[in-house]
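Comments concern the structure below.
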Amino acid sequence: MARLHPFTTASFAATTAVVVIASGSRWAAAATVLACAVAAVRTGRLRRFAAACAAVLGPLWASQLMIHALVDRSGAAALWEVGPLRITAGGLDTALGLGLRAAVLVAVGTLAALAVDRHDLVAAIDAAGVPAQLGYIVGAAFGLGPQLAGRSRAIGRAQALRGAGGRGPAGWLRAVRLRAVPLVVATVQDAALRSGHLAARGFPASGAVVRYREVADSRRQRLARRIAPAAGAVLAVVLIAGGGALP
Amino acid sequence: MSTSPSAPPSLLAAPGSRGPSRRSTILGAAGLAVLAGTYIVLLATRPDAVAGGLGEAAALGAFAGYLAAALLLLAAVLPELPTEAVVLIPAALALNIVLGQFVGSVMLPLYLDSIGTVLVGFLAGRRAGAATGLMGTLIWSLFNPTVLPFAAGAGLIGFLAGTAARWGLVRRVYLAPVAGLATGVVAGVVSAPVAAFVFGGTSGVGTGALVAAFRSMGDGLLSAVTKQALISDPGDKAVVFLAVALLVAALPPRLLRGFRSPAARRDP
Amino acid sequence: MTEPLLRYELDSYAPAAAAGPVLSGCIVEVAPGTLTVVHGTSGSGKSLLGSMLAGLLPHGGDALDARVRLAGQRLAFHPGDGALPDRAAWGRHVGLLPQDARTLFSAARATVAEEIAFALEQRGMERATMQRRVGEAAGGLGLDALLAADPFALSGGQQRLAALAALVAARTPVLVLDEPFAGLDSAARRALAAALARLRARGTGVVLLGNGLEDDAGAASGADAVLRLGSGTLRREAATAPDAARVEGSPSARADARTHRAPEVPSTAGGADPASDSASGGARSRSAHSLPRLKLIGLAAAPDGGPVAVRGLDLELGPGERLALTGANGAGKTTVLATIAGLLPPAAGTVLVDGAPIRPGRPAETARRLGLALQHPADQLFERTVEREVRFGLRGPRAGAETAEILEQLGLRDDARTHPWELPAAKRRLAALATVLVRKPGVLLLDEPTSDLDADARDRLEDALAAAAGRGAAIVFTTHDAAFAARTTDRQEGLRAPGPGTAPGISGTTGRSGRRRRRWRPRSARGDGSPVRP
């Protein structure tokens, strides 16, 4: 896949998800999920793609199945009925439709998220003319995650030798407290110090920001990513108004 | 200070204006209006009661309405946040993940995904809290796209956490869970239509079973999901509010003052 | 006389909610190309003064009475007038390098190059100009090879240089550096000193805040003015002659004088020590006389999931013996300590304490035999008062008395009710040390115990180490402070890192320095023939 601007990727992904969901077609939905999986294979990201999708869709599907398929109260003939459980063909059908709809959103969204370089995304946001705080918060959340994880490990080590831990809920609470308090204090303290330096370095800028990092872009991409969502929205309205309840 | 056009920028800060600007107020009101409008339309039409069931229009409409409301609210609060709060937000979001991993690895069937949001609400006020909830959800949606329409609800949690701190409910630690319960009720009710009409389900097996139980007793989808949310959310938020209030109590007072924290004001 | 770049006349400064002024009567004037050194002990308020000069203070609610001349503007601050510095405008003229360089990083940039460019980005500078500036600033500090690295993945010394590069690229006429030399190895120290000289040659006015110990004594020798901050006020120590000579009576001279105390250190080397019985008590300590307190056999240490940093470590320490681990930044000293403590599984080899192996992943068991004080004391402090912090986990009727004793010994008695995070850096480190010492471990591991310490705190540390050794503890610590190591230990071991590393005379300078693998080179500095390799 050629390097797309992060916004182009996001725009195409959103358009695809909206149009496919609006079509109400299960074939289109299944084909979209499959196409995402194929794209993940071709870019060598199948493992991460599958893991991310499964983590989200597993519980969601289970929940949808329980809510719609197991306890259907509609008058339809039950396939199987025991105690409060009442499984009907209609209930299973509803769950399948909902499951596919969620799968489209998750597959398209996950693929797009995997395809975008996070730091390019932050640079693109910074250059987009939106409030400077937006790009900073996204970038710093990515930057501080690993740093805090490392600090958390260091704290855990120190506290282990001071008799943290122990058995049972009391020991667990103690361990949490010993880990959480220094971590939170350090984090809040660093934030207080960092904000002064950030302001002194001119953040938030009063004028336009030029990012040192260059994000590849082109006129065609810019045009395409503006037209796509507009066209998609129109298409979605047409599909829904046309009673898009395809089987 | 003279401020002729040719003069260099003054080294003294312009006196800060108290309170939000008119632009922010209008955007915030618009965001809340879109949120309320979407909620009311969904409630009035009850798409699940309509024969044929869960329409695509309802799903996309609910998704779009909640997302638009979130973006409007974000546009209202973000540009006017002091830098202290802006820097605290990503730190709190990272903290949330690290603490969540540590806590979640041990036990408890709670979400606990709002520790960072509530922390910022307590420390830096309700607008910063709202921004944390909104931004946290937007960032998390890169890993899980289904959370996107829940952003407005998360923002509300941060806003209410900041409100609780402003009312002094955090200084007395035993009152924090009460505020958490109330916040959970509001957040649960607001987010229920998304779970019901966009996804027709919940994000977990346990919560799904609860909804199924209400359904089997004859509830409609929305009321079943709402009842489930009223059982799960307040408990979760009460635990989070209590935990964060305890953490804030452990912070050195000087640090709290640095954030102009509502939690730093001492009882007379 | 040229017009000064900055003249700050501070009459008094009281932070919000403080009982009274913490700074008063400070006048700092910075002329182009000059070096002004401000000495002060930890907690003297020199970091506050630095933040004032850089316009990061006051905050709203603080009471500042001051007159400032900066960039042709005359500003006045009076308590209650609500005047606050515009941090962004001020930051164009004065840059501040904080003690913890990581707090200067925005944290929102993926590489060192982008982090250096951050301030330039905010000005909307053209990308080509920006790239040139970043290249120059990084090149001048020897950071070319690190431009693509993650700023948070650098070693502490590299982080400080990267933060300085960010300030250099922004080209502020005045730079304020808060303890820039602390904790740097000699190579980084040289790079920093050279960079400061170049900055001054270019006309930048530099203010160096130091603790007056050896770390910045060298920098002070080239100073145009040396000021000393004590009890909240600033006074001039030397004339402003352009090439002022060494400052007489500076704190560093006092620190040098302490060298003569070295003979007080009790002699050890496994000799029968009556005090050690009270230390570990019971039958085990009797057998301990024939056994080394700490013994490492062929130990190899690797950081979390990383490649092996140090291998082939053989070592024996008897009761009361003290050993300093020296080595360049990033040589693996911290990893070695964590491995000895069983917090990291050793890549190879064994650790024996009193003859019994330390089993990795059994911290509760290990904690009874061995104590570890971390490099960042903040990582282990979580209670609301120093007293509760130190007492944590102690049981029995003596807990209160033992806590009081250790606080007294470390000079923290008056701070017992203070929040540990509100202590000045030196005392905070001593408080973290107290939490370890109070458990009276047989083996004591300290990671960089001397950093942040001023002269007084260092005396306290020295006495505490002597007392711990006196009761039979074996002590291993890491440090960059060669003089301290020479004075307080029986021997030093250098961990060799690639490139110039430890100070001469401390560790062997021979040996092949591999690119990846660092070799442990035991070398006895005491020369009494005590066996290092069993």
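Here is how names work: the chains are called A, B, and so on, in the same order as the sequence lines, proteins then strands, and each is numbered from 1.
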Distance (rounded to the nearest 0.5 Å) between R102(C) CZ and L193(A) CG: 11.0 Å
Nearest heavy-atom neighbours spanning P182(A) and W421(C): O-CZ2, 4.2 Å
Shortest non-hydrogen contact from A88(C) toward G202(A): CB-CA, 4.2 Å
T103(C) side, atom OG1; H197(A) side, atom NE2 - distance, nearest 0.5 Å: 4.0 Å
Stepwise side-chain contact (heavy atoms from CB on, under 4.5 Å) test for L198(A) and F118(C): CA-CA 9 Å; L198(A) 215 53; F118(C) 186 85; 3.7 Å; yes
Structural part of A110(C) lying under 4.5 Å from a heavy atom of chain A: both
Top contributor to chain A contacts, counting heavy-atom pairs under 4.5 Å, from S51(C), A108(C), G91(C): A108(C)
Most contacts with chain C, counted as non-hydrogen pairs under 4.5 angstrom, among A154(A), S206(A), A205(A): A205(A)
Interatomic distance, H119(A) atom NE2 to D150(C) atom CG [nearest 0.5 angstrom]: 7.5 Å
Given E115(C), R109(C), Q131(C), the one that forms side chain to side chain contact (heavy atoms under 4.5 Å, CB included) with Y212(A): Q131(C)
For R87(C) against A199(A), the heavy-atom pair lying closest together: NE-CB, 3.4 Å
Part of Y136(A) within contact of chain C (heavy atom distance under 4.5 Å): both
Test log, rule side-chain contact (heavy atoms from CB on, under 4.5 Å), inputs R127(C) and E214(A): CA-CA 9 Å; R127(C) 194 173 280 124; E214(A) 223 171 338; 3.1 Å; yes
Atom pair CZ (F152(C)) and CZ (R151(A)), whose distance is rounded to the nearest 0.5 Å: 9.5 Å
4.5 Å side-chain heavy-atom contact, M125(C) and V210(A): no
Interchain contact, L104(C) with chain A, by part (heavy-atom threshold 4.5 Å): both
CZ/R222(A): more than 12 non-hydrogen atoms of other groups inside 6.0 Å: yes
Leading residue by heavy atom contact count with chain A [cutoff under 4.5 Å; candidates A341(C), G95(C), P85(C), G124(C)]: G124(C)
R201(A) and E121(C) ion-paired at < 4.0 Å: no
Options D100(C), T111(C), L344(C), L120(C), ranked by heavy-atom pairs under 4.5 Å with chain A, top entry: L344(C)
Heavy-atom closest contact (L56(C) atom, G196(A) atom, distance): CD2-O, 3.2 Å
Spacing of CG belonging to L343(C) relative to CZ belonging to R153(A), to within rounding of 0.5 Å: 13.0 Å
F105(C) to R194(A) - nearest heavy-atom pair and separation: O-NE, 2.7 Å
Pick from V185(A), I137(A), L144(A) with the largest number of heavy-atom pairs that fall under 4.5 Å of chain C: V185(A)
Per-residue contact mode, V134(C) against chain A (heavy atom under 4.5 angstrom): side chain
Rounded distance (nearest 0.5 Å) linking atom CZ of F203(A) with atom OG of S106(C): 9.0 Å
